[in-house]
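Worksheet for the structure shown next.
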Amino acid sequence: MSQKLPPSFYLREDVLQISKDLLGKYLITNFDQKVTVGKIVETEAYRAPDDKACHAHLNRFTERTKIMFEAGGTAYIYLCYGIHHLFNIVTAPKGMAHAVLIRAVEPVENVNVMLQRRKFEKLKYNLTAGPGTLTKAFGISKKQNGINLLDKKSPIWIEDRGEIVLEKNIIASPRVGVAYAEECALWDWRFRVKESKWTSRAK
DNA sequence: AAGAGGATGAACT
DNA sequence: GTTCATCCTCTTG
């Protein structure tokens with residue numbers, strides 16, 4: 001049992017709930033006829049206009065942030081520190097700038113392709129732990145910014161394979177790298193699967 | 001037109 | 001724990 005998540009999943013207005021619901025779902029990319037699959041084990045929520053850590057804080061609308069105002073199900077990918085491509089999923093109806101950052105996945109299928117892209121000799125727990133590393137392992141880059149994950153031709157999509165992560169198995173903690181966001185930096189908007197070895201370093 | 005800084009990761013010591 | 005790789009976006013003048 002394996003099904004692409006429907007638009008209704010992304011169009012909800014509770015980005016915190018969606019961030020938690022995405023745990024245990026499957027991220028799949030298909031580039032160069034290579035299909036890679038990973039189970040999502042760590043996410044972070046960003047929500048304009050009140051969240052100071054969100055690029056679209058106060059609904060700031062620029063060339064970069066305009067993607068976040070698209071309808072739920074759109075990919076928001078941008079370059080961080082000049083090096084890392086970070087993959088977010090836009091949520092909520094068009095006009096609301098909410099997004100979920102995918103921070104870590106557990107490698108599931110075609111791990112050898114991920115190893116190749118990362119230039120790893122053998123499998124290690126940091127293969128896909130961290131928002132910048134998983135995009136590299138999955139071949140995601142800024143070029144896919146703005147695509148619709150629900151589009152039949154999309155090379156990136158999310159599947160539900162019937163797994164449910166219970167609330168008690170989810171650890172909420174403050175987001176990382178957002179110290180500048182003042183009181184918002186304290187919000188527990190980072191979610192990870194409790195027993196997973198594939199999340200980025202614990203706090 | 002220019003400059004600062006960032007939702008990070010890896011390789012150091 | 002520290003450093004640095006490295007470039008796009010936004011702000012300021």
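In the text below, chain A, chain B and the rest are named by the order of the sequence lines, each starting its count at 1.
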Paired runs of 3 or more consecutive Watson-Crick or G-U pairs involving DNA chain B, with both pairing distances under 3.5 Å, are B:1-6 with C:7-12, B:8-12 with C:1-5
Taken to the nearest whole Å, CD1/A/I67 to P/C/dC8 is 17 Å
task: Say whether, by atom type as modelled, one donor and one acceptor occur between the side chain of A/T43 and the main chain of A/V100 under 3.5 angstrom.
output: no
Protein heavy-atom contacts under 4.0 Å, written 5' to 3' over nucleotides 4-10 of chain B as B (base), S (sugar-phosphate only) or - (none), form the string --BBBSS
* Cation-aromatic face contact A/R12/A/Y10, 6.0 Å, 45 degrees -> no
Sorted by chain and residue number, the side-chain contact (heavy atoms from CB on, under 4.5 Å) partners of A/A99 (sequence neighbours excluded) come out as A/M68, A/N88
Requested in this report: Measure from the side-chain N and O atoms of A/R118 to the backbone N and O of A/K136, and report whether any donor-acceptor pair falls under 3.5 Å.
Outcome: no
For this session: Look at the side chain of A/S154 and the backbone N and O of A/L150, then say whether any donor-acceptor pair between them is shorter than 3.5 Å.
Result: no
Atom pairs, N/O to N/O, protein against nucleotides 11-13 of chain C, distance under 3.5 Å?
| from | atom 1 | to | atom 2 | distance (Å) |
| --- | --- | --- | --- | --- |
| C/dT11 | OP1 | A/R60 | NH1 | 2.7 |

- Can you check whether A/A137's main-chain N or O pairs, donor with acceptor, with A/R117's side chain at less than 3.5 Å? yes
With sequence neighbours left out, the residues meeting salt bridge (Lys or Arg N to Asp or Glu O under 4.0 Å) with A/D50 are A/R47
**Report entry** Heavy-atom donor-acceptor pair, A/S196 side chain to A/V193 backbone, under 3.5 Å
**Finding:** no
I'd like to know if A/E70 pairs up with A/K94 as an ion pair, taking the criterion as any Lys NZ or Arg NE/NH1/NH2 lying under 4.0 Å from an Asp or Glu carboxylate oxygen.
yes
In a table with atom names and distances, give each donor-acceptor pair under 3.5 Å that connects a side chain of residues 34-41 of chain A to protein atoms at least two apart or in another chain.
| from | atom 1 | to | atom 2 | distance (Å) |
| --- | --- | --- | --- | --- |
| A/T36 | OG1 | A/T29 | OG1 | 2.7 |
| A/K39 | NZ | A/E163 | OE1 | 3.0 |

